[in-house]
Chemist: 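Here's a structure for you.
Residue numbering restarts at 1 for every chain, and letters A, B, ... go by the order of the sequence lines. Predicted model, so just to flag it, every value in this text is computed and none were measured.
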There are 2 protein chains.
Amino acid sequence: MGRTSDAKVRLMDAVLELIWTGSYGTTTIDQICEKAGVKKGSFYYFFESKSHLAAAAFDESWKVNRGKLDGIFSATLPPLDRLRRYCDYAYQFQSEIRGKYGKVLGCPQVSLGCEVCTQEDVLQQKIKQILEQKRKYIESAVRDAHAAGDIDAPDAEAKSKMIMAYYEGVLTQARIQNDVEALKDAYLGVFAILGVRVCSIATAPAAKVQQPA
Amino acid sequence: MGRTSDAKVRLMDAVLELIWTGSYGTTTIDQICEKAGVKKGSFYYFFESKSHLAAAAFDESWKVNRGKLDGIFSATLPPLDRLRRYCDYAYQFQSEIRGKYGKVLGCPQVSLGCEVCTQEDVLQQKIKQILEQKRKYIESAVRDAHAAGDIDAPDAEAKSKMIMAYYEGVLTQARIQNDVEALKDAYLGVFAILGVRVCSIATAPAAKVQQPA
DNA sequence: AATATAGTTGTCTGTATGGTAAACTAATTG
DNA sequence: CAATTAGTTTACCATACAGACAACTATATT
């Protein structure tokens with residue numbers, strides 16, 4: 001074995017941040033290399049193109065992020081609490097992002113997916129796949145809520161697609177408007193879609209979502 | 001007066017199509033000029049930059065499109081019918097687009113807004129402004145529905161924001177998934193958000209939205 | 001220490017890009 | 001028809017870009 005380095009992960013971190021804070025199209029390989037502190041030769045040693053790097057980076061990032069969602073959507077929690085926590089998490093997280101970057105950045109997968117879906121097929125497939133996995137969390141929460149008699153939603157898949165559209169829609173709006181406030185009440189929309197009488201929930205908000213280290 | 005030409009509108013048409021079918025970042029001035037059949041010198045005669053052209057084009061396009069929404073949201077129609085028609089329109093329109101371009105393209109304003117919001121301020125403001133105007137249609141429909149006793153929605157603005165997030169979210173998903181099917185049932189989500197008992201509506205679907213010439 | 005492996009660097013090339021300037025052409029008006 | 005205005009074209013420049021490559025360095029294994 002030769003020596004090891006973290007240049008690969010630095011490149012992945014860099015591209016994620018550049019795409020998220022800007023866009024895929026305007027992010028250049030030179031920029032990525034500069035931010036990562038990696039020379040262009042090394043870039044081409046590790047990745048064959050910008051799109052391959054981006055796909056790898058989103059894949060890797062999702063593996064990490066999944067753990068957070070596993071916690072939020074823990075099966076030990078009442079199903080509607082999980083959804084509530086998911087909304088709270090979005091607000092919390094985007095607020096942090098706003099503090100860090102001065103801007104609300106929304107959902108990386110949707111932003112990138114929306115931008116490249118007609119152009120970059122490999123990347124596009126990766127994004128679709130991640131978003132589909134995200135939806136599964138919602139779907140099983142809805143199914144559990146129905147089974148528990150909390151809501152009437154025999155078609156959990158259909159409901160989860162609605163909620164997903166709404167949730168990602170709110171995040172996209174937050175990005176475009178550069179405003180986190182709409183996220184604060186996002187759960188109201190989710191519960192409305194599910195036909196939950198919100199008053200009974202609003203008085204007992206879920207505990208704050210813990211940020212992992 | 002010297003001679004006249006339609007090079008300006010050809011440029012605006014071209015940039016709209018290129019951004020919508022692709023993205024803002026990857027659309028070059030040379031591409032725009034080629035598609036419009038206009039030389040680069042002429043481009044710079046009419047517009048000072050790509051972003052200025054895009055802003056003008058979106059502005060102009062919105063002026064045209066507004067007429068369509070005025071029809072869909074006609075105050076003479078029952079308020080919930082207006083929303084239903086709006087959803088039907090999205091499905092119809094995106095289906096046409098899919099036929100024409102082979103791809104579902106979603107909402108131009110959201111796609112562009114999401115892409116450039118951290119980078120192009122002029123453009124960003126224009127997009128925000130158009131989206132806000134779009135929302136107003138929904139808001140007044142919700143207010144009228146509440147006044148008519150069809151729904152219980154004392155805060156029409158808040159509800160309209162939810163519906164807007166959902167509606168644009170469904171369109172964005174349609175683009176990313178390249179699938180119009182979710183749009184067919186979009187009205188279900190809208191009515192769920194409004195707490196409408198959908199069964200009573202679903203049996204009496206609104207008339208097909210007419211396409212203006 | 002020898003050698004293979006893993007990682008790094010600076011440089012080079014061809015092309016695409018935005019942007020400018022100046023020459024040119026067509027329509028309109030007095 | 002001459003002057004003016006509006007619109008068009010071509011040629012050109014500097015820069016930024018993706019991508020390739022060959023030379024180089026550090027580490028691990030034997």
Chemist: Flag the pair B/Arg82 / B/Ser74 as yes when at least one side-chain heavy-atom distance between them is below 4.5 Å, and no otherwise.
Modeler: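 Not touching, per the 4.5 Å side-chain cut-off.
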Chemist: Give me the residues of residues 52-60 of chain A where at least one heavy atom lies under 4.0 Å from an atom of DNA chain C, by number, or none.
Modeler: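 Listed by number, there are none.
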Chemist: In whole angstroms, how far is the P atom of D/dG19 from the OH atom of A/Tyr44?
Modeler: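 After rounding, the reported distance stands at 4 Å.
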Chemist: As an exercise, state the distance from OG1 of B/Thr27 to CD of B/Glu17, rounded to the nearest 0.5 Å.
Modeler: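 Between B/Thr27 OG1 and B/Glu17 CD, I get 10.5 Å after rounding to 0.5 Å.
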Chemist: Please work out which of the three classes, parallel, tilted or perpendicular, describes the rings of A/Phe43 and A/Phe47, given edges at 30° and 60°.
Modeler: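 It falls in the tilted class, 30° to 60°.
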Chemist: Within the 3.5 Å criterion, strictly below it, is a donor on B/Gln119 or A/Thr26 matched to an acceptor on the partner's side chain?
Modeler: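 A pair is found: one side chain offers a donor N or O, the other an acceptor, under 3.5 Å apart.
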Chemist: Using atom CD of B/Glu34 as one end and atom P of D/dT9 as the other, report the distance to the nearest whole Å.
Modeler: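 After rounding, the reported distance stands at 14 Å.
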Chemist: Suppose we call a contact any N or O donor and acceptor under 3.5 Å apart; does that hold for the side chain of B/Lys40 and the base of C/dG18?
Modeler: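 Indeed, a donor on one side and an acceptor on the other fall under 3.5 Å apart.
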Chemist: In whole Å, I'd like the distance from the CZ atom of B/Phe47 to the P atom of D/dG7.
Modeler: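 Rounded to whole Å, this separation is 12 Å.
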Chemist: Please check: side-chain N/O of A/Arg85 versus main-chain N/O of A/Ile72, any donor-acceptor pairing under 3.5 Å?
Modeler: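 Pair found, side chain donor or acceptor close to backbone of A/Ile72.
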Chemist: Return whichever of A/Thr26 or A/Ser42 has its heavy-atom-nearest nucleotide of DNA chain D closer to the 5' end.
Modeler: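 Checking each residue's closest nucleotide, the 5'-ward one belongs to A/Thr26.
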Chemist: Of all the choices, C/dG19, D/dG19, C/dG7, which nucleotide is nearest to the side chain of B/Ile29 once you look at every atom?
Modeler: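 The answer is C/dG19.
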Chemist: Measuring to OP1 and OP2 of D/dA6, would you say a side-chain N or O of B/Ser5 lies under 4.0 angstrom away?
Modeler: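 No, outside the criterion.
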Chemist: When you measure from the side chain of B/Asp30, which nucleotide among D/dG19, D/dT8, C/dT17 comes out closest?
Modeler: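 Minimum distance to the B/Asp30 side chain belongs to C/dT17.
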Chemist: Side-chain donor-acceptor pairs under 3.5 Å in residues 122-131 of chain A, sequence neighbours left out?
Modeler:
unit_1   : atom_1 : unit_2   : atom_2 : d
A/Gln124 : NE2    : B/Ile176 : O      : 2.5
A/Lys126 : NZ     : A/Asp59  : OD1    : 2.6

Chemist: Grab the CG-P distance between B/Leu11 and D/dG7 for me, whole Å please.
Modeler: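 Computing the B/Leu11:CG to D/dG7:P distance gives 12 Å.
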Chemist: Give the nucleotide from the list C/dG18, D/dG7, D/dA18 with an atom nearest to the side chain of B/Tyr45.
Modeler: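 The listed nucleotide nearest to B/Tyr45's side chain is D/dG7.
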Chemist: Under 4.0 Å between a Lys/Arg side-chain N and an Asp/Glu carboxylate O for B/Glu139 and B/Arg143?
Modeler: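 So B/Glu139 pairs with B/Arg143 through a salt bridge.
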Chemist: Under the 3.5 Å rule, do the base of D/dA18 and the side chain of A/Lys50 count as making a donor-acceptor pair?
Modeler: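 Answer no: no donor N or O sits under 3.5 Å from an acceptor.
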Chemist: Measure from the side chain of B/Lys39, starting at C-beta and using heavy atoms only, and say which of D/dG7, C/dT9, D/dT10 lies closest.
Modeler: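 The nucleotide sitting nearest to the side chain is D/dT10.
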Chemist: Would you kindly give the CZ-to-P distance between A/Phe43 and C/dG10, to the nearest whole Å?
Modeler: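 Atom CZ in A/Phe43 sits about 17 Å away from atom P in C/dG10.
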